[in-house]
Structure formats: C-alpha cells, structure tokens
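Sharing a structure below in structure tokens format, with a few things to ask.
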Amino acid sequence: MVVIKCGKYLLYLLFFLMPKLVLAESQNFRTDSLKAVALNRSASNFGRQGLYSESLDSLFLSLNIRKRIYNENNYKSFASTYRLIGTNYKNLGLFDLAIQYSLLAEQAYIQGYGENYLSTAYVYLNLGNIYRSKLNNNEAIQYYNQMVNI
C-alpha cells in the first residue's frame with residue numbers, strides 16, 4: 001500500500017507540480033532578462049546625458065542579473081554590458097578600468113560572434129581612444145587599425 005501512495009505522489013509531482021515549477025522559473029528568467037535589458041537602456045541614456053557614474057550603477061546591476069541568469073560561457077549576454085562599462089570608465093578618465101572592461105568586451109564578442117563582428121570594431125575604437133588619452137599613440141594606432149580591418 002505504501003508503494004502505491006508513493007507512486008501516486010510521484011505522479012502528482014511529475015504531472016502537476018513540475019510544470020508549474022518550470023513555468024515559474026521560465027517567467028523569472030524572462031522578467032530578469034527584461035530587467036537587464038531595461039537597465040542597459042537606462043545606462044545608455046545616462047551616458048548620453050554625461051551621467052557616467054549613474055550609467056555605471058545601472059550597468060553593474062544589469063551585469064549582476066545577467067551573471068545570475070546566464071551561463072558564464074554565454075558570452076553574447078555580457079559583451080555589450082562590458083563594452084558600455086569600458087566606455088563609461090573612459091569617459092570618467094579611469095583608463096585602467098576602461099581597458100580592463102573593454103578587453104572583457106572584446107573577448108566576449110569574439111567568443112560569441114567571431115573576430116569580425118561590427119561591435120568588436122566599437123571596442124577597438126574605444127580602446128584606441130583610451131590609449132590616445134593616455135598618450136600611448138602606438139597602442140592607439142594598433143587598435144584603430146584593428147577597427148578599420150573590421
């Protein structure tokens with residue numbers, strides 16, 4: 001009799017509860033994904049207004065959400081956020097952090113899309129501008145050339 005009851009509960013779990021749990025997880029994923037996109041959009045708006053610190057706050061919130069809901073090897077999910085972080089750090093004059101996040105963006109774009117992806121060219125433009133600001137013209141020219149090649 002115990003086996004039959006366990007079997008009934010197992011069937012109940014499989015047919016009634018599991019689909020609800022999967023649906024709830026799917027809805028949370030979708031909600032969180034939309035939040036991350038909205039945060040990136042607001043970060044871009046802050047950046048256009050010259051509010052770079054506020055932009056960074058939104059980008060790091062977005063990045064934290066993305067890291068929670070996506071596999072760390074899902075490079076496409078992180079690339080644009082890293083690129084925008086690098087751009088904002090450049091605009092704040094924090095060049096070492098700008099380089100660090102721009103290189104993460106470069107790696108993510110290459111891993112996710114290949115070497116000749118257009119957004120990678122934007123990363124190279126940003127890196128060229130960073131190195132130009134640091135008065136390292138040789139490095140800047142190398143990145144500008146990589147951008148032009150794409």
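These figures come from a predicted structure and were not determined experimentally.
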(request) Mind running side-chain contact (heavy atoms from CB on, under 4.5 Å) on Y113 and S119 for me, showing each step along the way? (result) CA-CA 9 Å; Y113 299 98; S119 292; over 6 Å; no

(request) Spell out, as yes or no, whether a donor-acceptor pair under 3.5 Å connects the side chain of S102 to the backbone of A98. (result)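 Checked: pair present.
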
(message) Nearest 0.5 angstrom please: F29 CZ to R68 CZ, how far?
(response)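 So the gap between those two atoms works out to 11.0 Å.
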
(request) Work out which heavy atom in M147 is nearest to a heavy atom in A121; give both atom names and the distance. (result) CG-O, 3.4 Å

(request) Would you please name every residue forming a side-chain hydrogen bond (donor to acceptor under 3.5 Å, both in side chains) with S33, sequence neighbours left out? (result)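 Expected list: Y70.
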
(message) Using every non-hydrogen atom in the two residues, find where A43 and S55 come nearest and quote the distance to one decimal.
(response)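 A43 and S55 have their closest heavy atoms at O-OG, 2.8 Å.
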
(request) Please identify each residue that fulfils side-chain hydrogen bond (donor to acceptor under 3.5 Å, both in side chains) with S42, with sequence neighbours left out. (result)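 Per chain and number, S42 pairs via side-chain hydrogen bond (donor to acceptor under 3.5 Å, both in side chains) with S58.
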
(message) Is there a path of hydrophobic side-chain contacts, each under 4.5 Å between heavy atoms of I/L/V/M/F/W/Y residues, joining Y131 to I141?
(response) no

(message) Could you measure the distance from the CG atom of L103 to the CD1 atom of I130? Nearest 0.5 Å is fine.
(response)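 Nearest 0.5 Å value for the CG-CD1 distance: 8.0 Å.
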
(request) Just do the side-chain contact (heavy atoms from CB on, under 4.5 Å) check on F78 and K67 with the steps written out, would you? (result) CA-CA 8 Å; F78 305 108; K67 285 183 177 181; 3.7 Å; yes

(request) To the nearest 0.5 angstrom, please state how far the CD1 atom of I69 sits from the CG atom of N64. (result)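 Answer for the CD1-CG pair, I69 versus N64, is 11.5 Å.
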
(request) Show your working on side-chain contact (heavy atoms from CB on, under 4.5 Å) between L39 and L59 and close with a plain yes or no. (result) CA-CA 6 Å; L39 284 164; L59 289 167; over 6 Å; no

(message) K134: which residues meet the salt bridge (charged side-chain N to carboxylate O under 4.0 Å, His left out) condition with it, sequence neighbours left out?
(response)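 Partners of K134 under the salt bridge (charged side-chain N to carboxylate O under 4.0 Å, His left out) test: D96.
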
(request) Report yes if some heavy atom in the side chain of N126 is under 4.5 Å from a heavy atom in the side chain of R83; otherwise report no. (result)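 Side-chain contact under 4.5 Å: no.
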
(request) Indicate whether any N or O donor in one side chain lies under 3.5 Å from an N or O acceptor in the other, for S62 and R66. (result)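 Present: a donor and an acceptor within the cut-off.
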
(request) Verify the cluster assignment for L104 and L127: are they in a single hydrophobic cluster under the rule of side-chain heavy atoms below 4.5 Å apart? (result)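 No, L104 does not connect to L127 through the hydrophobic network.
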
(request) With the side chain counted from C-beta on, respond yes when L92 and L97 share a heavy-atom pair under 4.5 Å apart, and no when they do not. (result)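 Result no, sub-4.5 Å side-chain heavy-atom pair not found.
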
(request) Scan for ring-ring contact (aromatic ring centres under 6.0 Å, His included) pairs involving residues 41-69, sequence neighbours excluded, and state none if there are none. (result) F60-Y101

(message) A quick test of your reading: do over 12 heavy atoms of other residues, nucleotides or ligands sit less than 6.0 Å from CD of E115?
(response) no

(message) Hydrogens and angles aside, do N74 and S77 bring a side-chain donor and acceptor to less than 3.5 Å of each other?
(response)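 Distance-only check passes for N74 and S77.
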
(message) I need the single residue from Y122, Y124, Y75, Y117 that forms a ring pair (Phe, Tyr, Trp, His ring centres under 6.0 Å) with Y109. Which is it?
(response) Y117

(message) Please list all pairs meeting side-chain hydrogen bond (donor to acceptor under 3.5 Å, both in side chains) that have one or both residues in residues 137-150, counting only residues at least two apart or in different chains.
(response) N129-Y144

(request) Please lay out, stage by stage, how T81 and I85 fare under the test side-chain contact (heavy atoms from CB on, under 4.5 Å). (result) CA-CA 6 Å; T81 305; I85 290 171; 4.1 Å; yes

(message) To the nearest 0.5 Å, what is the distance between CG on L56 and CG on N88?
(response)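 If we round to the nearest 0.5 Å, L56:CG and N88:CG are 4.5 Å apart.
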
(request) To the nearest 0.5 angstrom, please state how far the CD atom of E106 sits from the OH atom of Y82. (result) 13.5 Å

(message) So, taking the atom named CD in E54 and the one named CG in D57, what distance separates them when rounded to the nearest 0.5 Å?
(response)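 That separation rounds to 6.5 Å.
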
(request) Examine L125 and I99 and state if one hydrophobic cluster contains both, with Ile, Leu, Val, Met, Phe, Trp and Tyr joined whenever side-chain heavy atoms are less than 4.5 Å apart. (result)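 Linked, L125 and I99 end up in one cluster.
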
(request) Check side-chain hydrogen bond (donor to acceptor under 3.5 Å, both in side chains) between N45 and all other residues, then give those that pass, not counting sequence neighbours. (result) R48

